[in-house]
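Worksheet: the structure to be examined is printed underneath.
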Amino acid sequence: MNWTQTFIPTLKETPSDAEIVSHQLLLRAGLVRKLTGGLYTFLPAGLRVLRKIERIIREEMDRAGGIEVLMPALQPPEIWQQSGRYETARDVLFKVKDSAQREWVLGPTHEEVITHLCASEINSYRQLPKCFYQIQTKFRDEIRPRFGLMRAKEFVMKDAYSFDASDDGAMASYKRMYDAYTRIFARCGLRAFAVEADTGVIGGNHSHEFMVPAETGENDVVYCETGAYAANIEKATSRGPVEATPSDGTGGAPEKFATPGVVTIDALAAAPHSIPASRQIKTLVFLVDSEPTLFLLRGDDQLNEAKLMARTGAVNARAATAEECAAALSAKPGSLGAVSGVPEKVKVYADEALRGARGMATGANEDGFHFRHVDIERDIRVTQWADLRTVRAGEACGASGLPLKIRRAIEVGHVFKLGTKYSDRMNATFLAENGTRHSLVMGCYGIGVTRTLQAVIEQSNDKDGIVWPVAVAPFEVCVTPLGVAAGSPTRAAADALVAELEAAGIEVILDDRDERPGVKFKDSELVGFPLRVGIGEKSLAKGELEFKPRGGVLEPVMVADAAAKVIAWVQAGRAGLR
RNA sequence: CGGGACGUAGCUCAGCCCGGUAGAGCACUUGGUUUGGGGCCAAGACGUCGCAGGUUCAAAUCCUGUCGUCCCGACCA
């Protein structure tokens with residue numbers, strides 16, 4: 001392929017609307033262009049990378065027993081109503097109307113479609129297990145598209161769905177996909193690791209996310225350096241706060257005291273009251289499926305809303321407004337408490353870290369007053385104890401006991417064991433060997449293909465541009481003659497080398513642009529080809545070409561040896577050695 | 001949806017405070033020159049200053065509204 005015959009519009013300057021390095025490089029290296037927020041055109045070089053990642057995914061999915069299909073992006077709303085997600089996923093569903101004003105849904109994911117298919121096509125345990133996958137464009141009405149391909153309204157996803165006759169079978173399918181994902185990311189040259197994850201709106205009871213460590217990621221991952229534990233912060237647990245919860249109460253009854261104007265944890269912790277945050281009980285009011293509900297945490301802890309959703313089983317939940325708090329209890333936020341004045345029907349969830357807490361302070365449910373000497377188990381009607389707090393760095397790992405750490409990461413894949421959530425609702429059943437009817441046991445597995453592409457760039461770049469792993473580079477080799485005129489010695493040597501490499505199946509681009517050397521060198525580094533072979537008059541006169549691995553040092557190579565050396569270098573790269 | 005920033009040439013940006021002729025660099029076209037790390041010289045083309053109202057003799061500039069982009073939060077592969 002000649003550079004002048006394709007289209008790689010590089011940019012010398014950084015576009016002003018790209019914030020993170022991978023987004024800047026996507027644009028600067030001429031891989032994509034924005035149509036509008038969250039919508040991108042893949043240009044030839046970007047498309048080549050996308051296709052290579054897809055090929056790796058297909059190979060590994062096929063190897064893991066996956067069966068490729070292609071489902072419609074346009075879907076009838078009825079199946080979404082049947083699964084219940086027409087409501088729960090409402091915020092991300094793109095809806096369109098046809099000329100008869102009938103509504104359709106643009107698929108953000110395909111549990112409904114595949115379950116509908118299997119409901120009619122799978123009838124017997126003899127047809128199981130099955131694992132279907134597709135690579136397809138998804139549509140999500142993202143509240144805030146961000147960072148180029150990282151979070152887009154339209155993106156390419158590999159999604160897979162397993163169907164088993166039993167829970168054990170489903171676990172085996174889950175494990176096969178988990179292992180396939182590990183291989184896929186490794187083959188893409190990504191350093192990714194699996195963490196325990198919350199299941200969110202997809203549902204299910206067992207889940208891992210595949211994370212690429214990056215400061216620009218949108219997730220916080222809690223992990224133990226021993227490798228004993230890693231989890232998304234939405235799910236993570238520990239042995240509890242570093243500072244133990246006070247259990248040294250006076251034994252006296254709760255005592256109301258005046259705290260005019262004190263409406264924050266910090267204010268109560270400051271003079272004159274000087275009650276440490278760890279000795280306070282924080283009272284939060286949420287509307288859980290429209291029901292006012294109390295959540296009690298230690299003053300220095302943060303409520304984890306993913307845990308709130310999981311523990312309550314809520315479809316929708318949000319913090320109550322000041323007015324709603326006042327209506328449910330008798331005070332505004334800042335003076336709320338659960339010692340008295342909580343209507344019998346209001347549920348009170350208390351965080352496990354508060355178990356046994358004595359001598360605590362909390363709002364008196366009366367503006368301007370707090371209680372002290374509160375013993376939670378004696379003085380508060382707790383409906384349910386639950387893990388609700390967000391883990392903080394430094395807390396002891398539940399497995400190893402060592403301090404946990406927290407780092408940012410990009411989620412590139414997510415595997416779920418779904419169980420029978422969808423098959424139950426959509427009547428996807430089969431007859432077992434003994435003639436009884438059962439719901440199919442499902443799993444679902446996603447990889448953000450376009451996001452993975454950008455994650456590779458985010459993880460693999462330097463001051464000059466992208467440093468592609470050989471396995472996903474748009475071209476493996478860039479041949480750069482400094483003189484391109486037909487018949488010139490440099491052009492002749494370049495043409496000969498390219499022909500030999502192409503014959504050997506190497507993906508090579510010939511930079512045949514009539515540009516100054518500096519421009520060509522800068523561009524080859526910006527786009528990030530793994531290997532550049534420079535051909536200049538001076539070295540050619542000595543019978544040499546210049547072999548320059550991206551990020552490595554320049555090395556002269558004899559013309560006669562060049563092709564063999566390049567081929568060996570690329571093949572080593574394909575094997576994952578670089 | 002809440003908070004913030006910004007919309008001027010293909011790109012990066014200046015001009016706006018303090019109203020009066022629309023600018024620079026890069027990119028592009030032509031010619032010359034140069035030729036191992038984003039050259040140099042000359043000439044040229046490229047703009048409804050996001051859009052709509054308003055104030056004014058006069059608006060890129062001031063006011064109002066609106067649309068869009070980007071960042072921070074809630075959502076997710």
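Only heavy atoms go into these numbers, but all of them, side chains included; no hydrogens, no water, no symmetry mates. Within every chain, numbering begins at 1; the chains are lettered A, B, ... in the order of the sequence lines, protein sequences first and strands thereafter. Being a predicted model, the structure only gives us computed values, none of them experimental.
Listed candidates were rC76(B), rA74(B), rC70(B). Nearest to the side chain of Glu19(A) is rC70(B).
Pro108(A) comes within 4.0 angstrom of no nucleic acid atom, judged by non-hydrogen atoms across all strands. The residue Lys34(A) sits close only to the backbone: its heavy atoms come under 4.0 Å of sugar-phosphate atoms, none of a base. Using a 4.0 Å heavy-atom distance criterion, Asp159(A) is classed as making no nucleic acid contact. Across all strands, Glu209(A) comes closer than 4.0 Å to no nucleic acid atom at all (heavy-atom distances). Base contact: Ala152(A) has a heavy atom under 4.0 Å from a base atom. Here Asp17(A) lies in heavy-atom contact (under 4.0 Å) with sugar-phosphate atoms only.
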B/S/- contact track for nucleotides 23-43 of chain B, protein heavy atom under 4.0 Å: --BSS------B-BBBB----
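To the nearest angstrom, P of rC71(B) lies 17 Å from CD of Glu215(A). Computed from coordinates, the Arg85(A) CZ to rC76(B) C1' distance equals 12 Å when rounded to whole Å. In this entry the distance linking NZ of Lys153(A) with P of rA77(B) reads 17 Å, nearest Å. Phe147(A) has its CZ atom 16 Å from the P atom of rU69(B), to the nearest Å.
Taking a pair to require two hydrogen-bonding distances under 3.5 Å in either a Watson-Crick or a G-U wobble arrangement, rC46(B) remains unpaired. Under the Watson-Crick or G-U wobble criterion, with both distances below 3.5 Å, rG36(B) is left unpaired in every strand shown. Here rC62(B) sits opposite rG54(B) as a Watson-Crick or G-U wobble pair (both hydrogen-bonding atom distances under 3.5 Å). Pair check for rA14(B) finds none; no Watson-Crick or G-U wobble contact set falls under 3.5 Å. Across all strands shown, rA74(B) has no partner, as no Watson-Crick or G-U wobble contact with both distances under 3.5 Å is found.
When all heavy atoms are compared, the tightest approach of Val285(A) to Cys325(A) is CB-SG, 3.7 Å. Across all their heavy atoms, Leu453(A) and Gly46(A) have their closest contact at CD1-O, 3.9 Å.
Ranked by how close their nearest RNA chain B nucleotide is to the 5' end, Thr14(A) and Arg451(A) are led by Thr14(A).
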Gln459(A)/Leu190(A) under side chain to side chain contact (heavy atoms under 4.5 Å, CB included): CA gap, chis, key distance, verdict: CA-CA 7 Å; Gln459(A) 194 174 73; Leu190(A) 266 181; 3.5 Å; yes
Test side chain to side chain donor-acceptor pair (under 3.5 Å) applied to His208(A) and Tyr181(A), step by step: CA-CA 11 Å; His208(A) 286 87; Tyr181(A) 275 33; over 6 Å; no
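Atoms CE and CD, on Met177(A) and Glu60(A) in that order, are 10.0 Å from each other to the nearest 0.5 Å.
Within a 6.0 Å radius of NZ in Lys175(A), other residues, nucleotides and ligands contribute 12 heavy atoms or fewer. For Glu537(A), the CD atom is loosely surrounded, since the number of other residues' heavy atoms within 6.0 Å does not exceed 12.
Side-chain N/O atoms of Thr36(A) include one lying less than 4.0 angstrom from OP1 or OP2 on rU69(B). Look at Arg146(A) and you won't find any side-chain N or O under 4.0 angstrom from OP1 or OP2 of rC76(B).
Among residues at least two apart or in separate chains, salt bridge (Lys or Arg N to Asp or Glu O under 4.0 Å) pairs with a member in residues 9-30 of chain A are Asp17(A)-Lys34(A).
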